[in-house]
Structure formats: structure tokens, C-alpha cells
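These values consider heavy atoms only, across backbone and side chains, with no hydrogens, waters or symmetry-generated copies.
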Amino acid sequence: MEYRARTYYTNDQKALMWERWKEGWTLHQIAQLFNRAHTSVQGILSRTGGIRPPARSRSDTALTLAEREEISRAMVEGQSIRSVAARLGRAPPTISREIKRNGGQSDYRAIGADSAAWDRALRPKHCKLAADRALARIVTDKLRLLWSPEQIAGGSSILICATRAIACHTRPSTVASSFKRVVP
């Protein structure tokens, strides 16, 4: 049997797939348009349960490319974060976080920052319990002890610190009260 290379469909091809799917075409008919197997089309359509996903758009509160370019120019000129924030009508911590997560004051570039922000906004995010098996074990144990999700989330910072042997900077009373939940 001959294997084909993986096919990456363009956005226009995906739009055509969704249009045909909405019209009632079968997977086989749609796949024939692209000279591919129906399973490659099925993979695209099944990711969202056969319902066309909404077009991606940015939040109204997100920084725009023009604002990021203004930040970039200001960093090159050596202006303060507060002056940039005042000029853009944004809070200084917003500007500070933007700069820190995109290379710092010396390496901040508007185009790269805008692209990275677009990528970071992708959903769904990876589940923390899937990535951290130790944390998943702790949560499972607490659920077996009939803890509520709120109780587990309330003690999670202490639990994470304890499992990773990190020095926690919490009050002793907080630690004691969290362990009272474990041992009745």
C-alpha cells in the first residue's frame, strides 16, 4: 500500500470543507475535491464535533499591533514604562508584562510580540493535570477522600510546594489548617 505525505490544508481549503459539510456532502465527496482519503477530512471536521468553529478574533481589551509598535519605538528611545502607559491609556503593569513576556526592554519587537500573543491565545490550553502526574495523583487522592474541588484548589499551592520540596512562604496556621482537612 502506498502511503501519502501528511496533508496540511490551507484556511481556504478548510473553509471549502466546512461549506460542503454544511450543504450535506459526505466525507468521501469532500475528500474527492482534494484527491485525499476521507479520513483526512474527518480529522479536520471531528476536532470541533462537526460544528464549524467561529473565526478567531482578538479581545477588545488586547493590545493592538499599533500599540505594540508604539511600545517598541518608546523602548528604543529609552522612555519609561509609565510614560508609554499614560500615552496609550493603559495601566503600567499591562505594558510591563507585555515587555517582559516578549524579550525585555532591549529585545522587544512589535511584530514578534503580536504574533506571540496570537499564538498564546489559542484554545484549548493543555490541562495541568495531564502535564504534571504528581499533581494529578494528589488531586485524585483528595477526590477519593471526598474533598470538594474548592477544598482541593484552596490547598493546591501548599500541596504543590510539599510535593516538589520547595520552601513555602506561608503562615504556619495556614499549613496546619490545610493538614486538618486531610486528617479528620
- [ ] Calculate, to the nearest 0.5 Å, the distance between atoms CG and CD1 belonging to Leu145 and Ile152 respectively.
- [x] 9.0 Å
Task: Arg73, CZ atom: more than 12 neighbouring heavy atoms under 6.0 Å - done: yes
Open item on the list: Using the rule that Ile, Leu, Val, Met, Phe, Trp and Tyr join whenever any side-chain heavy atoms are under 4.5 Å apart, tell me whether Phe34 and Leu27 fall into a single cluster.
Closed with: yes
TODO: Check Ala117 against Arg68 and note the closest heavy-atom contact, atom names and distance.
DONE: CB-NH2, 3.3 Å
- [ ] Dump the intermediate steps for side chain to side chain contact (heavy atoms under 4.5 Å, CB included) on Glu98 and Glu67, then the final yes or no.
- [x] CA-CA 11 Å; Glu98 172 70 13; Glu67 289 175 316; over 6 Å; no
Task: Nearest non-hydrogen partners of Leu146 and Gln151, listed with the distance - done: O-OE1, 4.4 Å
Task: Pair Arg20 + Glu23: basic N to acidic O under 4.0 Å - done: yes
Task: Under 3.5 Å donor-acceptor, Thr140 side chain and Ala136 backbone - done: yes
Open item on the list: For Ser57, give me all partners under side chain to side chain donor-acceptor pair (under 3.5 Å), at least two apart in sequence or on another chain.
Closed with: none
- [ ] Would you mind listing every salt bridge (charged side-chain N to carboxylate O under 4.0 Å, His left out) that reaches into residues 40-64, with sequence neighbours excluded?
- [x] Arg58-Asp114
Task: Nearest-0.5 Å distance that lies between atom CG in Leu65 and atom CD1 in Ile111 - done: 5.0 Å
Open item on the list: Would you compute the distance between atom CD of Gln105 and atom OG of Ser72 and round it to the nearest 0.5 angstrom?
Closed with: 11.5 Å
Task: Members sharing Ile81's hydrophobic cluster (side chains within less than 4.5 Å) - done: Leu63, Ile71, Met75, Val84, Leu88, Ile95, Ile99, Tyr108
Task: For Arg87, all residues meeting salt bridge (charged side-chain N to carboxylate O under 4.0 Å, His left out), sequence neighbours excluded - done: Glu70
Task: From His38 atom NE2 to Ile30 atom CD1, the distance as rounded to the nearest 0.5 Å - done: 11.5 Å
TODO: Report the residues that fulfil side chain to side chain donor-acceptor pair (under 3.5 Å) with Thr39, sequence neighbours left out, ordered by chain and then residue number.
DONE: none
Task: Separation of Ser46 OG from Ile51 CD1 (nearest 0.5 Å) - done: 12.5 Å
Only distances under 3.5 Å count here; give the side-chain donor-acceptor pairs of residues 9-18 to other protein atoms, sequence neighbours excluded, each with its distance to 0.1 Å.
unit_1: Tyr9; atom_1: OH; unit_2: Ser40; atom_2: OG; d: 2.7
unit_1: Thr10; atom_1: OG1; unit_2: Gln13; atom_2: N; d: 3.1
unit_1: Gln13; atom_1: OE1; unit_2: Thr10; atom_2: N; d: 2.9

